Amino acid sequence: MLHNNTQIHRWLTITSIALLCLLSACGGHKNLTYFTDIQKDSVTLGEMNPSVVLIRNGDLLSVRVSSTDEITIARINGASASPGAAGATSSAGAGYLVNDSGFVNLPLVGNLKATGLTKEALSDTIKHRLISGKIVLDAIVIVRISNYKITVLGEVNRPGVIAVPDERITLPEAIATAGDLTIYGNRVNVLIIRNKGGKRIYKRIDLTKNDFFNSGYYFLENQDIVYIEPIKKKAKVLDNSTQIYSLVLSTMSILALLYTQIVR
């Protein structure tokens, strides 16, 4: 009886070790780290500046006009000014849409060509129109893009649309906001889809390398789409996981049965 118990105990030990090894092998995944080609501390010189933001058709613009002439500014912004105020500052609630022809229509200012201009250039144009038309004597104009957003899809933990109120976001920031890649996300073949100059651009990025820091895709642009494709072995991994779980349940049942036989 003692010899049998010893054999059973040995068999249980071997089975447990084999099972642990199998589970450990299943749990290992390659390419889960970023910037693997950075082997040691270093300093790389070079400017990383976002590309110049140009206004496009479909942009929703927030236009804020400030002036000491609060009554006129209230008319421009469709708001009521408080008499006696040092200045008046307001903006349209939802913003001003740049139409398909590239124009934006502002109260008292009229239609202005906006597409292709920077925010600063449009601000100067609005200010010039206000002063040259003797609508106000002085003005400070600030233009922002209200609907600046990035879409992240695929193998991330929180896919969705990311609003970017400060109109500046990097690819790592977008991925972090989306909850990082899942273990099935392909880190070496991230797809960025960008509309620019009437063309749709497709760019593949390898997140395991650091050369994309100096590319034109480190900083994302308005309406960019980031797609994280699954690794090719995802289906196989899922199938293997199902088999492993079945094996675990079967093994645990056998172990429980053998334990019951031993203690009797």
Side-chain angles (χ1 to χ4, degrees), residues 46-152 160-174 176-177 194-198 216-226:
E47 297 183 358
M48 297 192 313
N49 297 318
S51 59
V52 177
V53 177
L54 299 180
I55 298 172
R56 303 185 299 186
N57 295 356
D59 281 350
L60 195 63
L61 304 181
S62 168
V63 179
R64 188 177 66 192
V65 181
S66 301
S67 174
T68 55
D69 185 357
E70 65 267 20
I71 302 299
T72 302
I73 294 303
R75 291 179 61 194
I76 294 175
N77 293 294
S80 58
S82 300
T89 302
S90 184
S91 61
Y96 299 100
L97 180 67
V98 180
N99 62 29
D100 293 338
S101 298
F103 285 83
V104 60
N105 190 8
L106 301 176
L108 294 183
V109 177
N111 276 327
L112 293 176
K113 182 68 174 181
T115 295
L117 297 179
T118 64
K119 297 174 296 178
E120 294 75 17
L122 181 59
S123 297
D124 291 341
T125 300
I126 295 172
K127 179 179 179 178
H128 176 74
R129 181 73 67 88
L130 289 171
I131 295 176
S132 64
K134 297 182 179 181
I135 300 173
V136 295
L137 297 178
D138 63 341
I140 298 175
V141 181
I142 298 176
V143 176
R144 302 293 299 270
I145 301 176
S146 300
N147 61 341
Y148 201 109
K149 60 185 179 181
I150 304 297
T151 302
V152 183
V161 178
I162 301 172
V164 187
D166 59 355
E167 305 166 22
R168 177 171 175 156
I169 187 170
T170 66
L171 178 57
E173 287 173 334
T177 303
R194 175 174 296 173
N195 291 321
K196 197 165 188 176
Y217 295 86
Y218 174 70
F219 287 98
L220 298 176
E221 296 185 5
N222 188 21
Q223 311 295 333
D224 275 359
I225 298 174
V226 180

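All figures in this text were calculated on a predicted structure; none of them were measured in a lab.
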Student: Using every non-hydrogen atom in the two residues, find where R194 and F219 come nearest and quote the distance to one decimal.
Tutor: NH2-O, 3.5 Å
Student: Return the NZ to OG1 distance between K113 and T125, rounded to the nearest 0.5 Å.
Tutor: 12.5 Å
Student: Once rounded to the nearest 0.5 Å, what's the spacing between atom CD1 of I135 and atom CG of L130?
Tutor: 5.0 Å
Student: What heavy-atom pair brings V63 and I126 nearest, and what distance separates the two atoms?
Tutor: CG1-CD1, 4.0 Å
Student: Test your reading of the model: is there a side-chain donor-acceptor pair from R144 to the backbone of S62, 3.5 Å cut-off?
Tutor: no
Student: More than 12 heavy atoms of other residues, nucleotides or ligands under 6.0 Å from CD1 of I140: yes or no?
Tutor: no
Student: Provide the closest heavy-atom pair for K149 versus V161 in the form atom of the first, atom of the second, distance.
Tutor: CD-CG1, 3.8 Å
Student: Does a side-chain heavy-atom distance below 4.5 Å link I145 with L61?
Tutor: yes
Student: Closest heavy-atom contact between G58 and L97?
Tutor: O-CD1, 3.6 Å
Student: For the residue pair V104 and Y96, what are the closest heavy atoms and their distance?
Tutor: CG2-CB, 3.5 Å
Student: Other residues, nucleotides and ligands only: do more than 12 of their heavy atoms fall within 6.0 Å of CG on D100?
Tutor: no
Student: Which residue in the set V141, L117, T118, I142 passes side chain to side chain contact (heavy atoms under 4.5 Å, CB included) when paired with S123?
Tutor: V141
Student: Does the side chain of Q223 reach to within under 4.5 Å of the side chain of N195, using non-hydrogen atoms?
Tutor: no
Student: Please confirm whether the backbone N or O of D138 pairs with a side-chain atom of S67, one donor and one acceptor, at under 3.5 Å?
Tutor: yes
Student: Could you tell me whether the side chain of L112 reaches within less than 4.5 Å of the side chain of L106, counting heavy atoms only?
Tutor: yes
Student: Taking atom CD1 of I150 and atom CD1 of I169, what is their separation to the nearest 0.5 Å?
Tutor: 6.0 Å
Student: Just verifying a value: how many Å separate Y218 OH and T170 OG1, rounded to the nearest 0.5 Å?
Tutor: 4.5 Å
Student: Rounded to the nearest 0.5 Å, how far does CG of L122 lie from OG1 of T115?
Tutor: 10.0 Å
Student: Work out which heavy atom in N222 is nearest to a heavy atom in N147; give both atom names and the distance.
Tutor: OD1-O, 3.5 Å
Student: Main chain of A121, side chain of D124: is a donor-acceptor contact present, judged purely on distance under 3.5 Å?
Tutor: no
Student: As an exercise, state the distance from CG of L137 to CD1 of I131, rounded to the nearest 0.5 Å.
Tutor: 8.5 Å
